[in-house]
Participant: 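Next up is a structure, given as structure tokens.
Ligands are counted one by one from 1 in listed order, and the atoms in each one are counted from 1 as well.
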Amino acid sequence: MKNRHILIIYTGGTIGMTVDKYGQLVPCDFRHIIDLIPEISRFDFNVNFLSFSPLIDSSNMSPSVWIKLVGFIEKNYHRYDGFVILHGTDTMAYTASALSFMLENLTKPVVLTGSQLPLGMLRTDGKENVISALEIAAAYENEKAMVPEVSIYFQNELYRGNRTTKYDADNFNAFKSVNYPPIAEAGVLLKYHRAHILSGDYTSPLKVYKEMDDNIVVLKLFPGINKQVVHSILNAPELKGVVLETYGSGNGLAQQWFLDELKRAIDKDITVLNVTQCVAGAVDMHQYQTGSVLLDIGVVSGYDSTTEAALTKLMFLLANMQDKSDIITSLNKSIRGEINI
Ligand code: ASP
């Protein structure tokens with residue numbers, strides 16, 4: 001379909017890196033990438049490129065870059081049918097989660113991809129990732145995108161962005177979405193799992209949010225965590241939100257000093273969101289006394305959220321909602337398919 005137009009936004013990451021004189025991987029120029037994937041010109045749709053300057057290793061990702069990214073999408077939304085974002089794998093799940101919240105009423109695909117080995121290497125996984133991501137971004141049926149949501153394509157699978165976590169530092173199969181099935185799979189054919197794909201709201205225009213509140217922390221519990229550490233974290237100046245990584249089904253310490261610290265924070269209007277440290281499964285604070293004590297003092301359930309989605313959802317809500325009760329209401333529902341309740 002030559003009248004379809006896809007925009008590739010290159011942010012950096014291993015996919016486009018080369019080895020510098022010290023033997024380290026550093027980002028390189030975008031023209032280099034196009035030379036390495038000549039197949040792009042064989043698509044029956046148009047592909048244009050936009051490159052970040054400077055390019056970044058995604059370990060340097062920040063909310064200000066997310067704001068820049070959604071700004072690019074907003075500016076180009078009417079000219080393109082889909083977007084492919086080339087991104088480092090290290091924080092790709094955070095960016096995909098953040099973008100899903102910052103782009104409301106999305107009806108076009110935003111597919112993030114990258115690679116574990118640079119495109120310039122013989123055994124690169126990047127080429128297939130980019131080619132399939134482009135095909136998914138351009139897939140339409142009856143004038144509607146097949147995947148009108150923010151997703152991550154990696155190693156033959158397409159995941160909902162805000163359900164995904166980087167899982168493996170070494171293998172090509174770097175991402176997992178343990179609490180939600182893949183929304184599409186690439187075999188001989190690209191198979192779309194329609195029942196798992198968001199339907200997109202075609203009645204309202206795209207709404208782009210350009211504020212995220214970074215006065216937030218992830219506090220991971222561990223046996224031996226002490227009062228001094230918890231106290232100083234919860235009393236950090238301007239702190240507004242805590243993603244509390246608890247044990248199992250949402251259990252924490254039932255010790256009085258810990259509950260008192262948390263309660264004082266909640267009384268100061270700090271939102272505390274409970275996610276599990278387990279790789280799979282959900283928070284249910286009713287199961288154990290060590291969970292119900294958290295519920296009693298006002299800790300909010302993160303259900304089956306990834307830490308990445310919980311963190312970025314909280315950043316998004318804290319920046320865009322004034323009323324604490326509205327924030328709590330939004331945390332207790334799925335706003336972009338990020339949790340199952
Ligand atoms: N450090 C790189 C990045 O996230 C890793 C990668 O792209 O795989 O930018």
Side-chain angles (χ1 to χ4, degrees), residues 8-37 40 49-70 72-73 83-100 102 110-134 136-137 150-159 161-177 186 212 214 218 279 306-309 311-312 315:
I8 297 183
I9 304 175
Y10 173 42
T11 66
T14 295
I15 191 156
M17 288 188 182
T18 58
V19 180
D20 72 2
K21 58 183 179 199
Y22 308 107
Q24 286 175 334
L25 284 171
V26 288
C28 76
D29 192 78
F30 195 61
R31 277 175 301 250
H32 181 65
I33 294 199
I34 305 168
D35 293 345
L36 291 167
I37 325 180
I40 288 180
F49 306 91
L50 205 157
S51 181
F52 266 38
S53 177
L55 292 164
I56 52 171
D57 182 309
S58 82
S59 306
N60 288 316
M61 191 47 66
S62 67
S64 62
V65 182
W66 296 335
I67 290 163
K68 194 167 142 185
L69 259 176
V70 294
F72 281 151
I73 292 174
F83 300 85
V84 170
I85 300 176
L86 303 185
H87 194 289
T89 58
D90 288 344
T91 60
M92 192 185 291
Y94 290 90
T95 298
S97 300
L99 264 46
S100 76
M102 296 163 88
V110 174
V111 188
L112 286 92
T113 196
S115 67
Q116 293 279 67
L117 273 183
L119 277 171
M121 290 192 173
L122 270 180
R123 290 178 48 253
T124 185
D125 51 327
K127 214 168 184 176
E128 194 279 323
N129 284 348
V130 175
I131 290 173
S132 295
L134 280 166
I136 290 162
V150 179
S151 59
I152 288 183
Y153 180 80
F154 226 86
Q155 268 282 294
N156 305 326
E157 301 214 311
L158 184 74
Y159 306 109
N162 58 31
R163 291 293 198 148
T164 310
T165 300
K166 184 169 179 183
Y167 160 86
D168 198 319
D170 298 327
N171 283 305
F172 286 157
N173 192 1
F175 289 90
K176 280 240 183 302
S177 165
M212 294 291 266
D214 61 3
V218 177
V279 179
T306 60
T307 296
E308 292 89 330
L311 181 87
T312 52
M315 282 178 155

Participant: Considering only non-hydrogen protein atoms, determine which one is nearest to atom 4 (O) of ligand 1 and report residue, atom name and distance to 0.1 Å.
Facilitator: S58 OG, 2.5 Å
Participant: In Å and rounded to the nearest 0.5 Å, what is the CG to CE distance from L99 to M92?
Facilitator: 12.0 Å
Participant: Can you tell me if S115 has a non-hydrogen atom under 4.0 Å from ligand 1?
Facilitator: yes
Participant: Could you tell me which atoms of ligand 1, counted from 1 in the order shown, lie closer than 4.0 angstrom to a heavy atom of G13?
Facilitator: 7 (O), 9 (O)
Participant: Which residue owns the protein heavy atom closest to atom 8 (O) of ligand 1, what's the atom, and how far is it?
Facilitator: T89 OG1, 2.4 Å
Participant: Which one of L55, L86, D57 has a non-hydrogen atom at the shortest distance from atom 3 (C) of ligand 1?
Facilitator: D57
Participant: Identify the protein heavy atom lying closest to atom 6 (C) of ligand 1, giving its residue, its atom name and the separation to 0.1 Å.
Facilitator: T14 OG1, 2.8 Å
Participant: Report the distance from atom CG of L86 to atom OG of S51, rounding to the nearest 0.5 Å.
Facilitator: 9.0 Å
Participant: With rounding to the nearest 0.5 Å, note down the distance linking CD in Q116 to CD in Q155.
Facilitator: 9.0 Å
Participant: How far does CG of L55 sit from OG of S53, to the nearest 0.5 angstrom?
Facilitator: 7.0 Å
Participant: Answer yes or no: is there a side-chain heavy-atom contact under 4.5 Å between H87 and F52?
Facilitator: no
Participant: Check whether any side-chain N or O of T165 sits under 3.5 Å from a backbone N or O of Y167 as a donor-acceptor pair, and report yes or no.
Facilitator: no
Participant: So which heavy atom in the protein is nearest atom 1 (N) of ligand 1, and how far is it from that ligand atom?
Facilitator: D90 OD2, 2.7 Å
